[in-house]
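Reading through the C-alpha cells given below for one structure.
As a basis for the values below, the full set of heavy atoms in this structure was taken, side chains included, without hydrogen atoms, waters or symmetry mates. None of these values were measured; they are calculated from a predicted model.
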Amino acid sequence: MLFPLWFFGGSQFNWQTLKEISPVLAYINLANPLTYAFEAIKGAALDGNNFLPFWLCIGVMLLCSGLFLFIANRKMQRRLDYL
C-alpha cells in the first residue's frame with residue numbers, strides 16, 4: 001500500500017508535470033497526502049514557481065494529520081473499549 005502512495009505522490013516528478021500529461025490524473029492525485037509533502041519539500045528547496053504553493057501544502061498536511069489522528073483515536077477507543 002505504501003509503494004503506490006510514494007510512487008504516485010510525486011517523488012520522481014512534480015504535480016505540474018503530471019498536470020501537463022494528464023489533468024484528470026493530476027487532480028485525482030491531489031487526494032494523496034504524500035503529494036503535498038513532496039511538493040512542499042521541492043518548493044522549499046528549489047524554485048517555487050513550478051510546484052504547489054508551500055503554505056497550501058503545509059495546511060493540507062496539517063488537515064490530513066488532524067483527520068488521521070481523529071480516525072486513529074476513534075479506532076483505538078473502540079479497540080480498547082476504555083469509554
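By the criterion of side-chain heavy atoms lying less than 4.5 angstrom apart, applied directly or through intervening Ile, Leu, Val, Met, Phe, Trp or Tyr residues, Phe38 is not grouped with Leu63; the two fall into different hydrophobic clusters. Grouping the Ile, Leu, Val, Met, Phe, Trp and Tyr side chains by contacts below 4.5 angstrom, directly or via other members, places Phe3 with Leu34. In the hydrophobic cluster analysis, where Ile, Leu, Val, Met, Phe, Trp and Tyr join through side-chain heavy atoms closer than 4.5 angstrom, Ile41 is grouped apart from Ile58. Both Val60 and Trp55 sit in one connected hydrophobic cluster of ILVMFWY residues. Membership requires side-chain heavy atoms under 4.5 Å apart, directly or through other members.
No side-chain heavy atom of Asn50 sits less than 4.5 Å from a side-chain heavy atom of Thr17.
Asn73 meets the side-chain contact (heavy atoms from CB on, under 4.5 Å) test with Gln77, Tyr82; sequence neighbours excluded.
The line from NZ of Lys75 to CZ of Arg78 is 9.0 Å long, rounded to the nearest 0.5 Å.
Other residues sharing the hydrophobic cluster of Leu46, ordered by chain and number and joined by side-chain separations under 4.5 Å: Phe51.
Asn14 contributes no side-chain N or O that, together with a main-chain N or O of Glu39, makes up a donor-acceptor pair within less than 3.5 Å. Distance alone, capped at 3.5 Å, is enough to place a donor-acceptor pair between the Ser65 side chain and the Met61 backbone. Here the side chain of Thr35 pairs a donor or acceptor atom with the backbone of Asn29 at under 3.5 angstrom. Distance alone, capped at 3.5 Å, is enough to place a donor-acceptor pair between the Tyr36 side chain and the Leu30 backbone.
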Determine, stepwise, if the pair Ile71 / Leu67 fulfils side chain to side chain contact (heavy atoms under 4.5 Å, CB included).
CA-CA 6 Å; Ile71 292 170; Leu67 177 68; 4.1 Å; yes
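Nearest heavy atom pair, residue Phe54 against residue Ala40, reads CD1-O, 3.7 Å.
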Ignoring hydrogens and angles, write down the donor-acceptor pairs under 3.5 Å from the side chains of residues 18-27, residues two or more places apart or on other chains.
from: Lys19; atom 1: NZ; to: Tyr27; atom 2: OH; distance (Å): 3.4
from: Ser22; atom 1: OG; to: Leu25; atom 2: N; distance (Å): 3.4

